[in-house]
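To keep things clear, I will list the structure first and then write my remarks on it.
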Amino acid sequence: MSKVRVRFAPSPTGGLHLGGVRTVLFNYLFARQQGGEFILRIEDTDQTRFVPGAEEYIIECLKWCGITPDEGPGFGGEFGPYRQSERKALYRQYAEQLLVDGYAYYAFDTPEDLEKKRAELPNFQYGHAHRNEMKNSISLSSQEVEELLRNGTPYVIRIKVPQDETVSFDDMIRDEVSFETSLVDDKVLLKADGMPTYHLAVVVDDYLMKITHAFRGEEWLPSAPVHILLWKYLGWENEMPKWAHLPLILKPDGHGKLSKRDGARLGFPVYAMNWTDPKTTELTEGFREIGFLPEAFVNLLAMLGWNDGSDQELFSMDELIEKFSLERVNKSGAKFDFEKAQWYNAEWIKKLDSARLLESIIQIFKSNNIEVTDQGKLSVVIDLVKDRCTLLTDFISQGGYFFENPRVFDFSSVVNKWTSEKVSFFIAYTEILNAITDHSPSNLEVSFKALAEEKGLKIGDVMLPFRIMLVGGKFGPAVFEIASLLGKEETIQRINKGLDMLSREV
RNA sequence: GGCCCGUUCGUCUAGGGGUUAGGACGUUAGAUUUUCAUUCUAGAAACAGGGGUUCGAUUCCCCUACGGGCUACCA
């Protein structure tokens with residue numbers, strides 16, 4: 001068998017959707033596992049929908065996920081160009097070949113003609129039943145057609161779908177799927193602007209690029225018969241790739257495909273990374289920016305529709321490549337569950353070591369005006385607080401106070417029980433901190449407890465105020481770990497500040 | 001409407017002619033943690049319905065219902 005070649009073929013119209021990333025992922029996993037090649041092809045045949053920057057954005061998303069194309073725009077390859085707009089001239093000859101062979105025809109109907117026809121006939125389909133009523137090279141005489149062509153009348157080329165055949169194919173996920181051609185319409189292959197539609201372009205390019213396996217979303221299933229027919233009519237039937245129609249990712253509530261709007265409505269991202277629409281300047285948040293690890297993102301996407309049959313839920317990219325199999329891809333759509341998505345991220349944060357997390361957290365701190373001068377200290381902090389973080393951005397609240405004063409203080413749970421004895425306890429403790437040289441957590445704890453006992457105070461009654469003085473609230477790792485890491489000067493300073501704040505709150 | 005695809009706990013799913021129908025997220029209760037989280041233990045929670053086939057169907061077949069997709073000179 002020839003070498004496996006798969007492609008991801010997005011159209012550069014905006015942010016990259018979850019479902020899109022999952023399609024790439026399955027392509028990529030399959031290609032890597034089979035020792036094949038993964039190709040990126042930009043399907044920009046609709047010039048009216050072209051959005052500048054979208055292509056670069058898509059490539060950046062792939063990079064973030066750890067997916068690198070073997071061929072594609074900017075990646076080289078012998079089958080380029082990899083943007084369909086740059087292949088424009090190529091498609092016409094195939095459309096014309098179909099014309100000559102009688103598998104396609106010219107159609108001169110204007111958009112208004114079609115609109116009118118659809119208004120008249122609610123179930124209108126441009127096909128065997130009605131094509132004779134339309135303005136095309138089947139209904140018109142050859143003289144009329146020539147005349148129209150000579151006058152430069154705009155036209156499209158449509159496939160001539162046979163009246164009474166059954167088209168079936170073997171889907172790698174759904175097994176045999178079949179369609180009656182009587183219900184398939186004569187899709188446009190070449191548009192009036194000379195660009196191919198998806199239907200022509202996908203077949204021509206998959207053929208020319210020697211694609212062996214084609215993965216796409218289930219929403220493409222209804223147009224599969226057109227593509228199968230085209231492979232046949234172009235004489236390439238034996239080289240047709242194996243198809244795999246992936247199940248859809250659905251809205252968590254209600255019904256239907258997950259869309260960008262659902263994310264905004266329900267408060268979670270749908271795009272892989274932040275996307276700013278260049279026209280409206282509207283920003284749509286991405287998984288990367290709200291604090292997802294690419295490891296988690298890839299993992300959760302893979303599990304949406306696939307599993308290895310065991311109870312394992314956490315998979316690295318390498319494990320996925322090793323274990324992925326199309327036979328274990330589900331047929332039915334999956335509702336997206338953001339809670340579970342977050343769980344994957346929390347698991348990956350716990351699983352990865354501080355060295356891997358360091359760089360991203362420095363960046364997040366930086367964009368929140370927290371300056372990190374001591375990376376060694378940050379590593380210690382990461383290990384100390386990572387169990388408490390679900391998103392990378394949680395490190396701001398869970399670890400930021402090691403590098404700057406807490407931004408907010410919540411003394412509400414101690415203010416009512418605040419006494420002058422406690423004040424003198426903390427004053428005395430700052431003196432002890434000044435005096436001792438061993439600032440290890442255990443030694444801090446020993447001296448703290450000894451002092452409390454001496455002053456006749458319950459440990460718990462002074463421990464909580466101490467914590468809040470240091471971190472700003474009722475959270476965080478062991479207090480003496482924090483105090484030790486903060487150092488003598490900083491700890492004393494925060495105690496003094498806390499005493500000051502409490503005296504004003506009481 | 002038509003065509004195509006699908007249907008196991010709330011959600012993601014395992015399983016597959018005879019099982020206490022398993023796991024995970026979430027949820028509930030408890031333990032641990034002098035905070036919060038982690039962790040641990042326990043609990044509630046599912047085979048859409050109806051017909052077949054069969055000694056026996058959640059599992060195989062058919063129908064119905066429900067859900068989803070498509071129905072553009074968009075991909």
Side-chain angles (χ1 to χ4, degrees), chain A residues 9-13 20 43-46 48-49 84 107 109-111 114-115 118 122-126 154-158 171 173-174 177-180 182-185 187-199 201-202 216-225 245 247-248 250-253 255-257 300 303-314 328 330-344 346-347 350 385-390 394 397-398 413-414 449 458-468 471 473-479 482:
Chain A
S11 70
T13 52
E43 308 226 331
D44 54 351
T45 53
D46 187 353
T48 62
R49 293 215 307 164
Q84 291 182 331
D109 318 271
T110 64
L114 294 169
E115 210 174 295
R118 287 191 186 103
N123 290 325
F124 172 74
Q125 277 210 135
Y126 207 123
Y155 66 88
V156 301
I157 295 176
R158 306 186 90 112
D171 189 276
I173 293 172
R174 285 149 218 284
V177 181
S178 64
F179 301 84
E180 295 305 318
S182 59
L183 280 341
V184 178
D185 60 340
K187 288 267 184 286
V188 170
L189 301 178
L190 202 72
K191 300 186 262 188
D193 64 3
M195 275 287 195
T197 59
Y198 171 80
H199 306 294
V202 74
R216 64 195 347 182
E218 193 190 341
E219 71 264 34
W220 288 107
L221 214 38
S223 55
H245 290 90
L248 266 16
L250 276 15
K251 300 174 195 293
D253 61 347
H255 315 288
K257 276 197 289 189
L300 73 93
M303 301 309 285
L304 229 41
W306 176 86
N307 70 83
D308 78 336
S310 75
D311 286 344
Q312 185 176 346
E313 307 233 33
L314 264 25
R328 297 204 62 89
N330 280 310
K331 293 178 176 67
S332 50
K335 288 185 186 165
F336 181 66
D337 181 357
F338 187 56
E339 296 280 348
K340 187 136 188 187
Q342 293 190 98
W343 173 80
Y344 278 105
E347 290 300 312
K350 281 185 277 184
V385 306
K386 65 201 264 195
D387 284 358
R388 285 152 229 274
C389 297
T390 299
D394 291 339
S397 58
Q398 293 296 334
S413 50
V414 298
K449 286 183 172 170
K458 276 196 274 180
I459 313 267
D461 286 348
V462 278
M463 199 102 120
L464 191 56
F466 187 32
R467 166 178 295 284
I468 301 173
V471 314
K474 285 168 66 170
F475 61 88
V479 225
I482 300 170

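All chains are named by letter (A, B, ...) in the order of the sequence lines, taking the proteins before the strands, and each is independently numbered beginning at 1.
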Mind checking if [X] touches a base, just sugar-phosphate, or nothing, with heavy atoms under 4.0 Å?
{"X": "A:Ala478", "value": "base"}
{"X": "A:Gly217", "value": "nothing"}
{"X": "A:Lys458", "value": "nothing"}
{"X": "A:Ser413", "value": "nothing"}
{"X": "A:Arg216", "value": "nothing"}
{"X": "A:Ala192", "value": "base"}
{"X": "A:Leu248", "value": "sugar-phosphate"}
{"X": "A:Asp193", "value": "nothing"}
{"X": "A:Met303", "value": "sugar-phosphate"}
{"X": "A:Val156", "value": "base"}
{"X": "A:Arg174", "value": "sugar-phosphate"}
{"X": "A:Gly309", "value": "sugar-phosphate"}
{"X": "A:Lys386", "value": "nothing"}
{"X": "A:Val202", "value": "nothing"}

d([atom1], [X]; [atom2], [N]) in whole Å:
{"X": "A:Lys187", "N": "B:rU71", "atom1": "NZ", "atom2": "C1'", "answer": "7 Å"}
{"X": "A:Trp306", "N": "B:rA24", "atom1": "CH2", "atom2": "P", "answer": "18 Å"}
{"X": "A:Glu180", "N": "B:rC3", "atom1": "CD", "atom2": "C1'", "answer": "10 Å"}
{"X": "A:Ile173", "N": "B:rC4", "atom1": "CD1", "atom2": "C1'", "answer": "15 Å"}
{"X": "A:Lys335", "N": "B:rA24", "atom1": "NZ", "atom2": "P", "answer": "22 Å"}
{"X": "A:Glu219", "N": "B:rA72", "atom1": "CD", "atom2": "P", "answer": "16 Å"}
{"X": "A:Tyr344", "N": "B:rC12", "atom1": "OH", "atom2": "P", "answer": "12 Å"}
{"X": "A:Glu115", "N": "B:rA72", "atom1": "CD", "atom2": "P", "answer": "12 Å"}

Can you find a side chain N or O atom of [X] that sits less than 4.0 Å from OP1 or OP2 on [N]?
{"X": "A:Lys340", "N": "B:rU13", "answer": "no"}
{"X": "A:Arg467", "N": "B:rA37", "answer": "no"}
{"X": "A:Asn307", "N": "B:rU13", "answer": "no"}
{"X": "A:Thr45", "N": "B:rA75", "answer": "yes"}
{"X": "A:Asn330", "N": "B:rU13", "answer": "yes"}
{"X": "A:Arg158", "N": "B:rC73", "answer": "yes"}

Checklist entry - Between A:Phe475 and A:Arg388, is there a cation-pi geometry (under 6.0 Å to ring centre, at most 45° from the normal)? => result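 Negative - A:Arg388 is either too far from the ring of A:Phe475 or too far off its axis.
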Checklist entry - Does A:Arg118 come within less than 4.0 Å of A:Glu115, counting only side-chain N to carboxylate O? => result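 Looking at A:Arg118 and A:Glu115, the cut-off is not met.
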Next on the checklist: Check this for me, if you would: do A:Lys340 and A:Asp337 make a salt bridge, where the nitrogen-to-carboxylate-oxygen distance has to be below 4.0 angstrom?
Outcome noted: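 Salt bridge: no.
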Considering only the [atom1] atoms, how many Å lie between [N] and [M], rounded to the nearest integer?
{"N": "B:rG15", "M": "B:rC74", "atom1": "P", "value": "42 Å"}
{"N": "B:rC60", "M": "B:rG69", "atom1": "P", "value": "26 Å"}
{"N": "B:rU8", "M": "B:rU58", "atom1": "C1'", "value": "8 Å"}
{"N": "B:rG6", "M": "B:rC40", "atom1": "P", "value": "38 Å"}
{"N": "B:rC62", "M": "B:rU41", "atom1": "C1'", "value": "47 Å"}
{"N": "B:rA46", "M": "B:rC25", "atom1": "C1'", "value": "15 Å"}

Among the nucleotides [options], which one has an atom lying closest to any side-chain atom of [X]?
{"X": "A:Thr197", "options": "B:rA75, B:rU71, B:rG6", "value": "B:rA75"}
{"X": "A:Glu339", "options": "B:rU34, B:rG6, B:rC25", "value": "B:rC25"}
{"X": "A:Arg328", "options": "B:rU34, B:rG6, B:rA14", "value": "B:rA14"}
{"X": "A:Asp337", "options": "B:rU34, B:rU11, B:rC5", "value": "B:rU11"}
{"X": "A:Glu43", "options": "B:rA75, B:rU39, B:rC12", "value": "B:rA75"}
{"X": "A:Lys191", "options": "B:rC74, B:rA24, B:rG6", "value": "B:rC74"}
{"X": "A:Tyr198", "options": "B:rA75, B:rG26, B:rG6", "value": "B:rA75"}
{"X": "A:Phe179", "options": "B:rU71, B:rC36, B:rC4", "value": "B:rC4"}

Next on the checklist: Tell me if the CD atom of A:Gln312 is crowded by more than 12 foreign heavy atoms within 6.0 Å.
Outcome noted: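 Check passes, neighbour count above 12.
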Residue matched to [N] through Watson-Crick or wobble contacts both under 3.5 angstrom:
{"N": "B:rC3", "result": "B:rG69"}
{"N": "B:rU33", "result": "none"}
{"N": "B:rU27", "result": "B:rG43"}
{"N": "B:rA48", "result": "B:rU64"}
{"N": "B:rU58", "result": "none"}
{"N": "B:rA14", "result": "none"}

Checklist entry - Side chains of A:Arg174 and A:Glu218: does their closest heavy-atom pair fall under 4.5 Å? => result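 In short, these two side chains touch, coming nearer than 4.5 Å.
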Check whether any side-chain N or O of [X] sits under 3.5 Å from a backbone N or O of [Y] as a donor-acceptor pair, and report yes or no.
{"X": "A:Thr197", "Y": "A:Val188", "result": "yes"}
{"X": "A:Asp185", "Y": "A:Lys187", "result": "no"}
{"X": "A:Arg216", "Y": "A:Ala9", "result": "no"}

Checklist entry - With nearest nucleotides of RNA chain B determined for A:Phe336 and A:Leu464 from heavy-atom distances, which residue corresponds to the more 5′ nucleotide? => result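 Going by which nucleotide is closer to the 5' end, it is A:Phe336.
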Next on the checklist: Please compare A:Pro477 and A:Asp311 by the position of their nearest nucleotide in RNA chain B and report the one closer to 5'.
Outcome noted: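 With A:Pro477 and A:Asp311 compared, the 5'-side residue is A:Asp311.
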Checklist entry - Are A:Ser310 and A:Asp308 close enough that a side-chain donor and a side-chain acceptor fall under 3.5 Å? => result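 Short answer, yes.
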